[in-house]
Amino acid sequence: MARLRHLFTLLLLLGCLNATVAQMRNKMVMQHGRLVLILDTRTSKNEIDSMLIAGGVTGQTAEMLLKGDYAAATKNGWNVKAKKNIIELDRSLADVNESQQLTPYLLSSNMYKSNGRPGYPSEVAFGVNSFANRVSVHELPSGLTRFFIPGNTQAKRVLLSGNFNNWSTIKGIMNRTDSGWVADIRLEPGKYAYKFIVNGNWTPDLNNNLLEDDGLGNNNSIYYRYNYTFKLAGYQSAKKISVSGSFNKWLELAMRQKDGVWETSLYLHDGIYLYHFMVNGSWITDPANKMTQMQNKQLSSVLLLGESVTFKLNGYTNAHKVCVAGGFNNWDADMLQLSKTATGWVLSYTISAGNYQYKFIVDGQAIADPANPHQITTDGKTNSFLAVRSNHAFILKGYSSAHTVRLAGDFNNWNEQGYTLEHRGDQWVINMRLKPGKYLYKFLIDGKWILDPGNKIWEQNQYGTGNSVLWIE
Amino acid sequence: MFNRVLLIMLLVSALCCDKAFCNPDIRIAGVNLKALEGDSDPYGDFKVLTIPIKRAGNLILVEAQVDSVAGNFLLDTGAPYLILNATYFRYLPKITEQDAGGINGRTAGTFTAVVHNFSLGFDLHYDRLVADVTDLSGIENSKQVKILGLLGTRLFAKLAITIDLNKNLLYVHKLDSKGEIIPAERVFNTPTVKITFRYMNDVIFIKGTVSDKSMWFAFDTGAETNMIDYHAPKKIIKSLQVINRSKVTGVGGSSYEIIYARFEKLIIGDYPFISNRVLVSNLENIGKAYGYTVDGILGYDFFARGVFTVNFAKKEFEMYIYNQQ
């Protein structure tokens, strides 16, 4: 019995030893001015590979290493030593000494590259608001949006802060009423994140059910500024009517009867959508909408949201077929056919807000739009340029004797064959649609770079020649 | 020679006239001597101010207004005084030019200016502040947030500040005659960590211990990570577990390596901060900018552990830690 117990203890000890061996892990340390990777060949290839990546041993894989092929590591300045189950790679840390940074934020900002813009909601296809006890945000007949926070009437100051005012903690001062605080602001249709600031303290809107993580352990309230109402007249005695469509993955969105019409409002992003109504469980298309499309053997109504753009091509009256292809239709050369008129070709098409390049396809031959002064050339190919719902005009005054004025910036990879401006009156102009954020740009006058003389805001660049700075807010 | 004359005249004028009675119109070679004097004291009707803060990555932003321009400023205890971004303030009248890499380690084209009517939030005002105008595009581009400038320590020299990163609040405290925060206005009463710091060249230096070695850290809210100088004692460097090594390109295109590592214990005061992350690099130039060499920098990894108060008058740092390990 005692012997058995000894054997058991021995086995237990061996087990512990095994566990100790199994706990061997790869590690990376700094010793004697060198960075040392200590790799245990008994760990998985994945673990070794991730260690090699962390150590910046480019081109070297665990596979190669385990076969004794160290060429890639050696080429990049690593010494490699293999003994038993351990492979050690080391290289000088002299490069760490090279930092000439003068301020800690410049050094550490390399560790944390911005990941999107927290607090600035990304675009969504649709959105519906949801309020708890009372509607704290609503549209006014004037077109302004009213935000309301009840109570806090003894507060010294209450502010409304959100992505619509760049989360300002100074600008969005609300007005005191007998029952709370209000602020009326102008919003374009879309999704907005906001909070209130009561006596300096951030607080979400407690009446708003829609919350989104603000990335800092708290929540932002979310409000959708509506731009569309689905309507269905008649069906007075129907018990339940809803709308569903490709915008919300065909989930049913309840409609309410108002003055004899069933309706529901929502925010809908520009785009092309299929939809139908469900009346007491039966599928019908929208009787007020003639545009329909068959999909999966079912007929749906078609909704086009965006701006109607008219493409015109003068002449070419002998051509058989003229199409327009561009970023707005994935460059499909056959999809959008123009109709022949007495003097040329024409097509009206609804396009979402954005910047697009396009071409006409005349009997299979692609040409830039001869009537459009805005062009961009990339890899030797010249396309026409169109901004739908533009929100910024780049304007250069004077330079009337210039042959070509172009615009290049970080938004087009500083393409020297960038957007050509239109010479209109005594100035050069191009309109663009730019998302909120910072942009760097310059004009090219007949190939010569200049800062925008009409913009006093610029920053230095690596060539010492500066770039103009534009903030879209 | 001219410089010497200017210096002597400066000294003489400084000795001869009391600040308050100094003739505002003394000018030498276009330089207004009055302008070179220090900042005016902050004022405002408050005992404690609650100012909402915003965040950009691990940085702390506070909105302030210079004349009619309002926007984000980085709360940066690594900066000695007010620093303005040249992109938006290069039009300010120059008081003096600075050499590249000069006293505060600023880049070429840096100059000194005076701003009037500076307000932090709604209630803290300064009539005039001496500021450096320099290129801050590097930080603006890395964060994609408009940054008008940096709020350095001198702005708070006669005050105390408390920062609560959970609530995103900055409290600015006025101090009593003993330099203490008025007891009723304290944000927390029982600090987990309480230490005195050295305040030199407007930089906060805190003593700490890593691997039984004592080190001097600069406390810098503008540092998104803790940092240790590559030249720190071997024992410390050896104790670091490297997480990764990466090559980065700095402003001006120079490239260098940084090492990101972890270590177990950092002792500040008597309190052990467990499981620390740190960036290892050459901090020589940063030390030059501070005017004192540093072994390391206490940045976000450190100050995000709790609510902290910096009392600039008493030179005291306190931290209250919600979840003590």
Side-chain angles (χ1 to χ4, degrees), chain A residues 27-32 35-37 53-56 93 95-119 157 159 161 166-171 197 199-202 215-218 437-438 440 456-462 469 471 473, chain B residues 50-52 54-55 57-59 63 65 70 76 78 87-88 91 101 105 121-122 135 137-140 142-144 146 166-169 220 222-225 227 230 237-238 240-248 250-254 256-260 279-282 285-286 289 297 299:
Chain A
K27 62 177 182 177
M28 194 162 25
V29 291
M30 289 180 279
Q31 282 174 354
H32 313 297
L35 179 66
V36 188
L37 271 76
I53 290 167
L93 276 167
D95 281 357
V96 175
N97 223 3
E98 295 299 305
S99 167
Q100 298 295 315
Q101 295 303 332
L102 299 165
T103 50
Y105 60 77
L106 286 176
L107 193 54
S108 59
S109 64
N110 285 304
M111 291 307 298
Y112 294 94
K113 288 288 173 199
S114 79
N115 198 357
R117 297 182 84 202
R157 195 180 289 120
L159 283 90
S161 180
N166 264 317
W167 291 98
S168 176
T169 56
I170 288 182
K171 289 174 192 160
I197 304 172
N199 284 342
N201 293 280
W202 293 98
L216 300 167
N218 300 307
K438 184 183 183 181
L440 303 175
K456 67 176 185 179
I457 298 175
W458 61 273
E459 70 180 38
Q460 197 51 276
N461 63 11
Q462 65 266 47
V469 174
W471 279 95
E473 296 181 335
Chain B
T50 309
I51 300 174
K54 296 184 276 185
R55 312 274 284 281
N58 291 344
L59 300 175
E63 249 173 275
Q65 193 161 334
D76 184 6
T87 303
Y88 311 104
Y91 62 86
F122 287 97
D135 180 14
S137 60
I139 185 154
E140 191 173 82
S142 92
K143 294 289 160 248
Q144 284 297 303
K146 193 171 187 175
N166 285 329
K167 294 182 180 160
N168 282 311
L169 293 178
D220 190 341
E224 290 195 80
T225 59
M227 299 181 191
Y230 172 65
I237 294 292
K238 223 175 156 178
L240 304 176
Q241 283 278 327
V242 178
I243 298 167
N244 63 42
R245 148 185 177 253
S246 48
K247 206 154 187 108
V248 291
V251 178
S254 63
Y256 56 93
E257 259 182 37
I258 46 175
I259 300 278
Y260 199 45
L279 188 152
V280 182
S281 188
N282 179 0
N285 279 340
I286 291 173
I297 289 161

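This one's a predicted model, so the numbers in the text were calculated from it and none came from an experiment.
Heavy atoms of I237(B) lying under 4.5 Å from chain A belong to its backbone as well as its side chain. The part of L169(B) that comes within reach of chain A is its side chain, from C-beta onward, which places non-hydrogen atoms under 4.5 angstrom from that chain. For I170(A), the parts lying near chain B are the backbone and the side chain together; criterion is any non-hydrogen pair under 4.5 Å. Contact of K167(B) with chain A is made through the backbone alone, with heavy-atom distances under 4.5 Å. Both the backbone and the side chain of S168(A) come within less than 4.5 Å of a heavy atom in chain B. Looking at D220(B), the atoms closer than 4.5 Å to chain A (heavy atoms on both sides) all sit in the side chain, from C-beta outward.
Looking only at heavy-atom pairs under 4.5 Å with chain B, the residue among I457(A), N201(A), D95(A) that has the most is D95(A). Your options are N166(A), L93(A), V469(A), and the one with the most heavy-atom pairs under 4.5 Å with chain B is L93(A). Options S281(B), A223(B), G299(B) differ in how many heavy-atom pairs under 4.5 Å they form with chain A, and the most are formed by S281(B). For the set N461(A), I197(A), L216(A), N218(A), the count of heavy-atom pairs under 4.5 angstrom toward chain B peaks at L216(A). Between chain B and the options Q31(A), K27(A), R157(A), heavy-atom pairs under 4.5 Å are most frequent for R157(A).
By the salt bridge (Lys or Arg N to Asp or Glu O under 4.0 Å) test, K54(B) pairs with E63(B), sequence neighbours left out. Legend: residues meeting salt bridge (Lys or Arg N to Asp or Glu O under 4.0 Å) with E257(B), ordered by chain and number and at least two apart, are R91(A), R245(B).
The OH atom of Y88(B) sits 7.5 Å away from the CD atom of E459(A) when rounded to the nearest 0.5 Å. One finds the CG atom of N282(B) at 4.5 Å from the CG atom of N97(A) (value rounded to the nearest 0.5 Å). Annotation: the span from K438(A) atom NZ to K143(B) atom NZ amounts to 13.0 Å, rounded to 0.5 Å. To the nearest 0.5 Å, the span separating OG on S137(B) from CG on L440(A) amounts to 8.5 Å.
A donor-acceptor pair under 3.5 Å is absent between the side-chain atoms of N244(B) and the main chain of A54(A), judged by distance alone.
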* **M30(A) vs K238(B), side-chain contact (heavy atoms from CB on, under 4.5 Å): CA-CA, chis, key distance, verdict** => CA-CA 6 Å; M30(A) 289 180 279; K238(B) 223 175 156 178; over 6 Å; no

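Taking each heavy atom of V29(A) and Q241(B) in turn, the nearest pair found is CG1-NE2, 4.3 Å. Shortest non-hydrogen contact noted between K146(B) and W471(A) is N-CH2, 3.1 Å. Contact between F122(B) and T169(A) at its shortest, heavy atoms only, is CE1-O, 3.5 Å.
In this structure the side chain of L35(A) reaches within 4.5 angstrom of the side chain of I259(B), judged on heavy atoms.
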